[in-house]
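Each chain gets a letter, A, B and so on, in the order the sequences are listed, and its residues count up from 1.
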Amino acid sequence: MTRAFRPDDELRRELLQLFAAESRDEVEVISSGLVALESDAAGAIGAGRTDEMMRAAHSLKGGARAVELESVDRLAHALEGLLKAAGDRGAFDGETVDLAYRALDGIEAIIAAATGGPPAEVNVTGLTDELQTAITGLPGERPAPTEPSPRSTAPAPAPAPEALPEPTGPSPLGQPDATVRVRVSKLDGLMAAVRELEAARVGVEHATGILTERAEADDLKAREYDVRAGNIRETTAAPLTRLERAAREVAGEVSEARTVPLSLAFDPLPRTVRDLGRDLGREVELTTSGGEVDVDRAVMEVLRPAFVHVIRNAIDHGIESPAARAAGGKDEKGRVTVTGRTSAGLLEIEVADDGAGIDADAIRRSAISRELITAEEADALPYAELIEFVTRPGFSTRDKVTEISGRGVGLDAVNEGLGSIQGTLGITSIPGSGSKVTMTVPLAIAATEVIVAELGGLPIGISLSDAARIVALEGPSDEAIEVDGAPVPFCSDTTLEALAPHGRGEATCAIAVEVGGRRIALPVERLRTVQRLSTMPLPEPLPRVSLIRSAAILPDGDVLRVIEVRTLIEDLPPPPVVLIADDSAAWLERARRHLANHGWRVETAPDGRVALAMLGEGNFDALLTDVEMPGHDGIELTDMVRKDSELADIRVVVWSASAEDAGPAALAAGADAFLIKEPGAEDDAAAALRPDDPED
Amino acid sequence: MELDEVQVGDLIELSPGGRAFRQSDLIHIVSDPSIAPLVGAGEAWVGLANLSGNLIPVADLGILDSGRPGEGKTMLAIRADGVSFGLLCEGVLRTCASPPNDALADEPLPDDPAWLLASPPGEPRLIEPRLLLEDPRLGPIR
């Protein structure tokens with residue numbers, strides 16, 4: 001007779017934590033699959049998606065058994081049956097999906113309670129019965145009766161899938177694609193050990209160098225020492241090279257192990273949008289892009305809840321009811337777009353909605369009632385500054401607390417979370433047209449190529465992707481260097497003193513860095529190397545330091561500070577601001593990138609009505625507009641700009657791909673230039689927007 | 001020092017005397033550490049150091065204690081509230097034992113920082129690292 005294995009309390013706690021982490025992924029798979037299948041009226045999604053969801057439910061069941069969570073076992077088993085039956089009969093209607101979600105919510109609540117969360121109030125038997133009833137009540141051919149879950153004590157049997165093996169044995173770790181879960185703190189510890197290993201290698205190499213130099217310098221027994229020195233070099237060279245290679249490989253593998261695709265942060269969003277839309281009676285379409293970008297797990301931990309907060313805000317506060325949208329001339333279905341893109345070692349994520357925008361009056365009222373500002377101050381504050389109140393701790397425009405919002409916990413929590421990883425939060429909004437929340441975070445902690453230079457006798461780093469050129473300095477330099485025929489000014493003395501507070505030596509070269517097409521040069525005493533390094537955010541409990549983005553430990557053990565080049569650029573006067581109005585997303589993005597690379601700060605508008613509202617609120621130097629757009633067309637827009645005394649002086653360039661004969665009308669309306677959209681037209685637009693710029 | 005003169009205790013008193021840490025709060029003591037300077041983080045933060053492959057921020061105990069930069073070249077690596085940080089001080093004087101629980105402590109002065117705990121006359125004053133992290137000269141805590 002054998003005794004059943006019973007994990008002790010400590011082991012069970014550890015197993016539960018592992019299961020909780022694992023279950024999040026499985027729940028996500030099922031959750032995102034449910035949203036996709038519910039909206040797939042045409043049946044375009046293949047059976048593979050249902051199989052994937054069933055596998056996830058099956059894994060939940062197996063994991064629950066391993067940690068002896070019988071109620072999760074029962075729910076997951078019944079849910080798996082529902083998924084199979086609904087998949088077989090193509091019956092993922094709203095009712096079935098709602099029930100499946102309730103089962104998932106129950107599973108999550110039970111797991112959370114088992115891992116130290118609040119007690120779960122889940123009627124497991126009732127829910128299991130409901131699932132079973134739904135399975136037998138689904139339209140179409142009924143499934144053959146199957147065995148109940150082997151561990152289940154539920155009275156109602158639920159069918160088990162036939163093709164999937166029971167998860168009774170250990171994972172096949174011998175297989176190439178097998179995975180294990182590792183805590184991030186373990187990876188951090190491993191990485192620290194790798195850095196120590198590398199520092200030790202450099203130390204041994206250095207010691208060997210000193211030893212052989214001493215031997216070579218000794219005249220008395222020169223020949224004998226020469227031989228020994230040669231032996232030392234020969235015998236240590238190969239092991240040191242192997243050690244270096246191994247340390248580099250381990251560091252690379254650990255860095256890779258820390259990254260996950262951004263799409264993981266998108267996974268919970270479809271359900272959030274669906275549920276909120278249903279609760280609030282709103283139709284919302286969610287679009288995501290950029291999910292293929294790899295980000296560090298520490299960044300992901302912050303982004304996932306941040307996305308949910310921002311999306312909830314967009315739907316609850318932004319998107320109007322279908323009737324209100326129709327009355328306002330909008331499509332009844334609201335749109336929320338999440339876009340991830342990388343630039344200069346940073347990940348920028350925009351969450352944009354086409355809703356009502358942020359209600360300035362509601363913010364004024366709330367800020368005054370909370371005594372944050374006086375009524376006079378509120379009236380004097382421009383809209384752009386007023387909307388920043390929504391990131392204040394505890395700030396809410398809602399009088400009543402609801403399930404969705406009103407507690408004042410939301411964007412301030414997002415702001416704080418982003419701050420913890422050196423990220424930033426930006427909000428823009430156009431009343432009546434929508435809002436845009438921009439989150440900028442470091443790609444991380446992952447290995448990046450860094451230029452290692454010396455300033456004040458200490459190493460200083462600049463991400464290779466930020467550097468435009470390295471220029472040798474011949475003697476003391478004046479106020480600028482020349483790059484590509486254009487002058488690039490040096491950083492201010494204040495900045496240099498902050499980077500090297502104990503004094504600087506003579507600069508021998510300068511690193512020109514570039515952000516958004518604007519360049520500034522950092523003079524350094526010497527260049528050491530370009531190196532692939534694992535950079536990390538500044539450690540807690542340090543507050544944010546604007547001039548330093550991250551840090552790394554060099555192979556010799558020295559600490560490298562990596563400069564935040566955006567702060568360097570702040571030494572320059574502010575860039576000109578252009579608004580691009582275009583209903584073609586492709587041209588909008590093309591022009592945005594191009595003009596940003598030519599030193600413009602770029603805002604975008606998808607139609608003439610939004611563009612006019614933005615021009616009224618913002619402080620723009622130029623407008624680049626398409627001709628044919630919804631709202632106002634480009635000619636009308638130009639005409640209105642020229643007739644507005646506040647806007648009359650801005651430079652206006654009109655371009656079109658199809659309305660080639662619109663040139664005379666555009667110029668007659670007051671445009672400074674008219675261009676045909678064709679490959680390379682962005683160059684012409686950049687030149688036409690700033691005709692006096694030598695770069696253009 | 002003769003072996004029989006060694007005092008064993010749970011505290012470590014700092015040079016030139018009068019301030020102490022619990023040994024349990026200490027991770028390492030590092031002589032003349034290499035510190036990469038940081039400006040703009042908060043008055044008392046001086047930079048970053050490498051502690052066994054981990055980056056830690058380093059503050060100047062002189063600024064925190066007297067408002068003036070110290071000239072110490074010894075770094076105490078401290079762990080409190082789940083974070084590690086370094087404190088530059090002049091050095092370590094000795095180990096000593098905590099005063100008995102029933103010993104009467106001096107009244108703290110009005111300007112004393114909250115992290116400097118009261119102690120009986122003649123005994124070093126204990127620095128509480130958790131409270132030290134709340135000192136405004138370390139800037140807003142993330």
State plainly whether the residues [X] and [Y] are in salt-bridge range, i.e. N to O under 4.0 Å.
X	Y	result
B/R22	B/E128	yes
B/D65	B/R19	yes
B/R125	B/D112	yes
A/D466	A/R549	yes

What part of [X] is in contact with chain B, defined as an atom under 4.5 angstrom from a non-hydrogen atom: side chain, backbone, both or neither?
X	value
A/L547	neither
A/L560	neither
A/A500	neither

Please flag which part of [X] lies under 4.5 Å from any non-hydrogen atom of chain A: side chain, backbone, both or neither.
X	value
B/S52	both
B/A59	neither
B/L55	both

Exercise for review: Work out which heavy atom in B/L87 is nearest to a heavy atom in B/I78; give both atom names and the distance.
Suggested key: CD1-CG1, 4.3 Å

